[in-house]
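Proteins come first, then strands; the chains are lettered A, B, ... in the order of their sequence lines, and each starts at number 1. Everything numeric in this text was worked out from a predicted model, so none of it was measured.
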Amino acid sequence: MYVDNWQTQLRKGMLDIVILNLLSHGPCHGYEMVQRMRKIQGLKIREGNVYPILARLQQEALVESETRPSSDGPPRKYFKLTAAGAKTLADMNTHWEQMLDSIQHIRKGDFL
Amino acid sequence: MTSEYQQWQKLKNNYLKQVEHALASINHPKNTDVLHDVDEHLERKYAELPPDKQNWEGFQQILIEMGPPQDYAELLAEETLSTQKGKFSLNELLAVVFIIVLIAIGGYLIYTAQKTSMRSSTSAAHSPKAFEFEPDEQVLGKWLTIDFVKTIDDFNPNQKQWPGELFLNSLDFEDEGILWWTNIDGGPYKHQWTNGKVDPLEDRPALYYLQNIDGQTYLFYEWVSGDVTIRGKKPCYYVLTQNPEQAGFNIEPPVLSLKRNSTEEQSPQSIENMGKISVVEPPLISEPSILGKWRVVDCVKNIEDFDPDRPTYKKPLLLKELHFTSPQILYWIFNNNLVKETSFTKDTLETVKGQPAKYFLNVIDEREYLFIEWITPEVVKERKEPDYYVLIRPPQSCRPDDVINELPGQNLVINNNQNTNPDDTDIVGQWVSVDFVKTISDFQPDKKQWAGDLYLKNLTIYDDGTTSGPWTRQGNTLWHPSDKTHAHLTVQSMQGATYLFMEWMSGDVIYHGQKPAYYVLKKNNTISDIANQNRKITIKANYCTANYVRSILGTPTKIDSGGRMLRYTNNGFDLWFFNNGPLSEVHLNKGYTGQLKTGISLNSTKQEVFAIYGQPTQTVQASDLHGKNDERVLCQKGNISRIYYGRHGLIFWFKDDFINQIVVFKGTLTLE
């Protein structure tokens, strides 16, 4: 039970960096983003979760959107990184790498 | 609409209601965007559901996969994680630690979804601000709604007051301040209560009162609508009982639709006082001056802030257009092309969230502007003053400015010469979508490849390069000005029919470099085919309706003013119709190549007009030239002038010394 709860929190906490990294590969609409994230083992995205994150990232001006026609239905909203978003993502990824590295040291007992 | 789809719509709307409710708990400007995005996502999930999964279980699975509604508020709330600050929260640091541990033990990262019921997940998530709970033993338990009254004194256990549907179904008061709320859209929705109050943390809690009438206890629950929080009106009351069978009147079963029944007599006080219900139960009051299309030009804090020359709102506005149509249907067109349908009545419209919003017309610098209140959750919940969206009628869709003159007029024969470039005959014309294929060679006339609906229904390509869609034709391509794309066109004859293959420049093509698929459109007929039919259109003839005209002239370039105006750009005229009636006027514009039977055309001069139809009896200066229908009086404003010849059924508009537009409101239009 504890692990379940922890995983839920973990998933939510990771969504920002996951979404920003996804968008770093090019504009994407929400539905497509969800399909891609579902293929990532362990992420186990809840489909609705991306939209509030995207909205918040838009509010922070890290992501912007525009509407484009779609091949099989109404026009879709595409999301893409802004310049500020790309810079923030770079900072986040750097921090993430540092954290990974630090924890590896801790696990190996390098600090002892 | 299939029963499965109806069932899906109901489940989906319930889910969206819960999301909306959850989002209302936070103050975030993107709440509406999230709702729209989730709505679109759900519709797409439904569209992709295999036929054997289109049942209740399949629909539930979609909603479970979306996650609990409270997640949206938690994830959208700013305090969750601030990427802008570049810091990680304690939770995230812990998360990082734990994910490494998991990686180390073999990539064990499996999330086991908790498919808890909506109710249990609701109670587990998102703990709002605490409040001091004061118990009330008498109110505990489930209460069922039996009536809705303006004041408590109005309630009569033997005579139901409210004639329509009751929005609130029940209230279930539990220990420790938990209240479960159900309405005709679904639920239960979690609320809070304490002694005498529901939602005690709101700026305006709803008060409740218990009253014993003829030995029966009734709960009177304040209905805190927008009229209460925004306009400071007194609340109405839902009346509930724990023993509905002892009430003197029968309770109507829950009604699953909020649609108005226009045949029912409406309670007059409902408009102002009923909040959400008032919007869907209004008396139908005709408001012809508002009918038609309105385009958003600005959003202002205060009405007096609006300056037509200096729009204050810099960012793209959420709303793009409003279309007021008869009977009382209002279409909301958002910038993401989402279209929502609500209703309106005199002075009030229903927002997409079911809230009442006031609207009014204002004339500034001789131009008509529509102001509508923008009712956000903050306006409702925090009693903030609403902003105002400002809209104008698009310039090309001005309403007819003249009434039909009843004087007998002479028939006007209007020649309408079509100049079709023979080189374009393959492409120019009306096309109807028949399929959507990956490659041209995939198309088979007798076997449709695309299983779903075709988004593009039809397309008319005119010989002047315009089309019925957003494109303009440049040779064998269609140029989309906002997408900046060229879609290549290929014409092929197959099995005796002509097909147009149009590259579809979707986002996948633009962004991901994928090859475009093709819309396949079948030739209907050419513009010259239509013109050569030599049919007559007579103004005011009963048979001459918009549908009749369209059967002759084909799909118009543009439809406006709620279907009352059909624009045929290629022909150079606009056709205006009475509301749900016959043709009322023909507006001949620049580009019209025909002439009146007197020989007057768009190239004629003012003096030629005067020579044939009569010199002006007087010339007057006017601040507004519209509606100046004094016979043979020339009205002037700057270099624009207008003269009315009622006996001939004609109005001429001039710019300097030349005709700018001819309005014909009597006679017959013959396509020759």
B:Asp33: what forms a salt bridge (Lys or Arg N to Asp or Glu O under 4.0 Å) with it, not counting sequence neighbours? B:Lys30
Answer yes or no: is there an ion pair linking B:Lys45 with A:Glu47, defined by an N-O contact shorter than 4.0 Å? yes
When the 4.5 angstrom heavy-atom criterion is applied to A:Val50 and chain B, the contacting part is neither
What is the minimum heavy-atom distance between A:Ala55 and B:His28, and which atoms define it? O-CE1, 4.4 Å
Say whether, by atom type as modelled, one donor and one acceptor occur between the side chain of A:Arg56 and the main chain of B:Leu75 under 3.5 angstrom. yes
Give me the atom names and distance for the closest heavy-atom approach of A:Arg46 to B:Pro68. NH1-CD, 3.2 Å
Assess whether atom NZ of A:Lys39 is packed by more than 12 heavy atoms of other residues, nucleotides or ligands within 6.0 Å. no
Side-chain contact, heavy-atom cut-off 4.5 Å: B:Glu40 with A:His29? no
Heavy-atom closest pair, residues B:Tyr72 and A:Pro52: O-CB, 3.4 Å
Working for salt bridge (Lys or Arg N to Asp or Glu O under 4.0 Å), residues A:Glu32 and B:Arg44: CA-CA 11 Å; A:Glu32 181 185 5; B:Arg44 182 142 186 215; over 6 Å; no
Count the heavy atoms of every other residue, nucleotide or ligand shown that sit under 6.0 Å from NZ of B:Lys53, and state whether that count exceeds 12. no
Measure the NZ-OG1 distance between B:Lys320 and A:Thr67 for me, rounded to the nearest 0.5 Å. 8.5 Å
Gap separating the CG atom of B:Leu76 from the CG atom of A:Asn49, nearest 0.5 angstrom: 12.0 Å
Enumerate the ring pair (Phe, Tyr, Trp, His ring centres under 6.0 Å) contacts for residues 37-64 of chain A, please, sequence neighbours excluded, ordered by first and then second residue. A:Tyr51-B:His41
